[in-house]
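Right, one structure below, let's go through it.
Lettering follows sequence order; numbering is per chain, from 1.
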Amino acid sequence: MPELPEVEVVRRGLDAHVVGRVIETVDVFHPRAVRRHLPGAIDLARRLEGQTIASAERRGKYLWLVLEPSDVALVVHLGMSGQMLVQPPSAESEKHLRIRARLDSGMDLRFVDQRTFGGWALAELVTVDGTVLPDSVAHIARDPLDARFDPDAVVKVLRSKKTEIKRALLDQTVVSGVGNIYADEALWRAEIHGNRPTDRLTGPRLRCLLESVESVMTEALAQGGTSFDALYVNVNGQSGYFDRSLAAYGQENMPCPRCGAPIQREKFMNRSSYSCPNCQPRPRVVRG
DNA sequence: TATATCTCCTGCGGGC
DNA sequence: TGCCCGCAGGAGATAT
């Protein structure tokens with residue numbers, strides 16, 4: 001599942017392989033892949049054709065291509081299974097190919113998405129807090145790898161909320177880029193149970209948690225950067241290249257790397273949470 | 001207004 | 001062998 005490190009790997013691939021190229025033609029094969037572009041697939045294709053890809057940018061799990069001369073952004077969200085592939089036109093179409101853009105380089109930029117949670121949409125660029133970004137991304141908070149990320153401000157927001165810490169970590173308007181996997185890993189590193197109320201965690205503990213988020217993402221990014229073929233922009237959400245380094249997520253009944261206690265799996269927000277029952281004790285009183 | 005829950009989607013694995 | 005069901009989860013919509 002693409003979270004911030006995986007999306008950043010894709011952004012770097014796009015930066016290397018499609019920036020500077022002109023979009024010649026666009027074909028949309030599945031309407032759900034452009035559902036966030038309200039004027040529809042025909043409008044999206046028409047407005048993309050002839051545009052030059054000026055840059056590849058990212059905030060959290062959102063990435064976008066800045067287009068010239070229209071000066072709008074093609075916003076891409078990978079959802080759970082989205083891939084942005086640079087392929088020669090002769091390459092066989094992928095089973096879940098949703099959108100194909102042909103570039104003046106003679107290559108295809110393909111959006112492949114099995115579960116169709118992701119998609120493409122055009123958005124106007126706006127300036128928010130000194131940063132230019134698509135208006136559809138304006139509500140997304142800065143991520144921990146953003147040079148202007150302010151951990152003290154995030155700690156303040158967290159302490160003002162009346163919710164559980166894992167819910168808050170997954171809230172992209174508080175801190176962006178964190179999904180279920182890295183939330184569990186960061187909570188394990190900080191030795192905090194995900195059900196702990198945010199307003200009962202001290203500033204230093206929250207600060208420690210944010211540092212854990214940054215460190216786990218930085219390490220994952222370093223590994224992800226070595227796992228892709230240099231000729232392609234290739235994301236495979238199922239490859240699990242960071243699996244070897246996971247301490248908690250998906251490690252049910254495996255020994256905690258810190259204390260040896262078996263990692264437990266619990267249901268949380270209609271999904272799974274993994275934690276060490278010894279290092280990350282549940283709060284005695286769960287808000288309910 | 002803030003927070004919690006539901007829904008969308010496809011492929012896989014397990015149980016019967 | 002084939003069918004059914006649960007699971008995976010990001011984020012917007014809807015409910016509380």
Side-chain angles (χ1 to χ4, degrees), chain A residues 1-8 10-11 28-38 58-64 75-84 93-99 111-121 123 133-141 143 156-187 194-200 213 217 220 235-240 242-243 246 248-253 263-275 286-288:
Chain A
M1 280 58 81
E3 299 184 29
L4 187 154
E6 292 77 16
V7 178
E8 174 60 16
V10 172
R11 190 205 64 78
V28 177
F29 301 111
H30 196 300
R32 194 172 143 79
V34 296
R35 67 191 181 283
R36 294 189 184 93
H37 185 74
L38 298 181
R58 181 193 57 75
R59 172 172 284 191
K61 303 170 197 171
Y62 285 85
L63 63 88
W64 63 91
V75 179
V76 177
H77 198 287
L78 301 177
M80 289 186 57
S81 53
Q83 301 177 36
M84 293 283 276
S93 292
E94 293 76 10
K95 181 177 180 181
H96 302 293
L97 176 62
R98 308 304 190 194
I99 308 171
F111 181 68
V112 177
D113 189 11
Q114 179 197 101
R115 297 183 192 176
T116 64
F117 277 53
W120 289 13
L133 74 173
D135 57 7
S136 58
V137 183
H139 65 293
I140 300 297
D143 61 66
K156 193 173 179 182
V157 171
L158 288 171
R159 298 206 70 201
S160 72
K161 294 187 83 69
K162 303 288 185 186
T163 190
E164 297 158 327
I165 186 60
K166 185 169 177 181
R167 285 184 190 274
L169 276 184
L170 295 174
D171 183 343
Q172 304 298 298
T173 67
V174 175
V175 53
S176 68
V178 183
N180 202 38
I181 296 172
Y182 296 118
D184 278 1
E185 288 302 301
L187 287 164
N195 287 117
R196 287 206 172 272
T198 53
D199 58 349
R200 295 186 198 170
V213 171
M217 286 183 166
V235 170
N236 180 353
Q238 298 172 321
S239 66
F242 193 58
D243 272 6
L246 292 175
Y249 182 85
Q251 307 301 307
E252 185 178 17
N253 294 326
I263 296 292
Q264 64 184 2
R265 179 167 76 100
E266 299 170 286
K267 295 299 292 181
F268 183 75
M269 293 174 67
N270 277 335
R271 54 208 60 185
S272 292
S273 276
Y274 298 87
S275 63
V286 178
R287 197 188 301 277

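R98(A) contributes a side-chain N or O that, together with a main-chain N or O of Q114(A), makes up a donor-acceptor pair within less than 3.5 Å. A donor-acceptor pair under 3.5 Å links the side-chain atoms of D113(A) to the main chain of G118(A), judged by distance alone.
Of the candidates dC9(B), dC6(B), dA8(C), the closest approach to any side-chain atom of N270(A) belongs to dC6(B).
One atom, CZ of R115(A), and another, P of dC9(B), lie 14 Å apart when rounded to the nearest Å. Atom CD of Q114(A) is separated from atom P of dC8(B) by 18 Å (rounded to the nearest Å). The distance from atom CE of M269(A) to atom C1' of dC6(B) is 12 Å, rounded to the nearest whole Å. Atom CG in L97(A) sits roughly 16 Å away from atom C1' in dT10(B) (whole-Å rounding). Between the P atom of dC9(B) and the CZ atom of R98(A) lies a distance of 11 Å, rounded to the nearest Å. The separation between F29(A) atom CZ and dT10(B) atom P is 17 Å, rounded to whole Å. Between the CG atom of D171(A) and the P atom of dT5(B) there is a distance of 15 Å, given to the nearest Å. The separation between L158(A) atom CG and dT3(B) atom C1' is 15 Å, rounded to whole Å.
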Strictly under 4.0 angstrom, non-hydrogen atoms only: write out the protein contact profile of nucleotides 10-16 of chain C, one letter per nucleotide from the 5' end, B, S or -.
BBS----
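Within the structure, every side-chain polar atom (N or O) of T116(A) is placed at least 4.0 Å from both OP1 and OP2 of dT10(B). For dA2(B), the OP1/OP2 oxygens have no side-chain nitrogen or oxygen of K161(A) closer than 4.0 Å. Under 4.0 angstrom from either OP1 or OP2 of dA4(B) there lies at least one side-chain N or O belonging to T163(A). In this model, the phosphate group of dG11(B) is approached by a side-chain N or O of K95(A) to a distance below 4.0 Å at OP1 or OP2. Contact between the side-chain N/O atoms of K267(A) and the OP1/OP2 oxygens of dG6(C) is not found at any separation under 4.0 Å.
Looking at heavy atoms from C-beta onward, M84(A) lies in side-chain contact with F111(A) at the 4.5 angstrom threshold.
Note: Y62(A) and H139(A) have perpendicular aromatic rings, judged against thresholds of 30 and 60 degrees for the angle between ring planes.
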Should K61(A) and D143(A) be marked as a salt bridge (charged side-chain N to carboxylate O under 4.0 Å, His left out) after you check the CA-CA gap, both sets of side-chain angles, and the distance that decides it?
CA-CA 9 Å; K61(A) 303 170 197 171; D143(A) 61 66; over 6 Å; no
Given the rule in the side-chain contact (heavy atoms from CB on, under 4.5 Å) test, do Y182(A) and L4(A) qualify, once you have shown the distances and angles that lead to the verdict?
CA-CA 9 Å; Y182(A) 296 118; L4(A) 187 154; over 6 Å; no
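Side-chain contact, S272(A) with R265(A): a donor N or O sits under 3.5 Å from an acceptor N or O.
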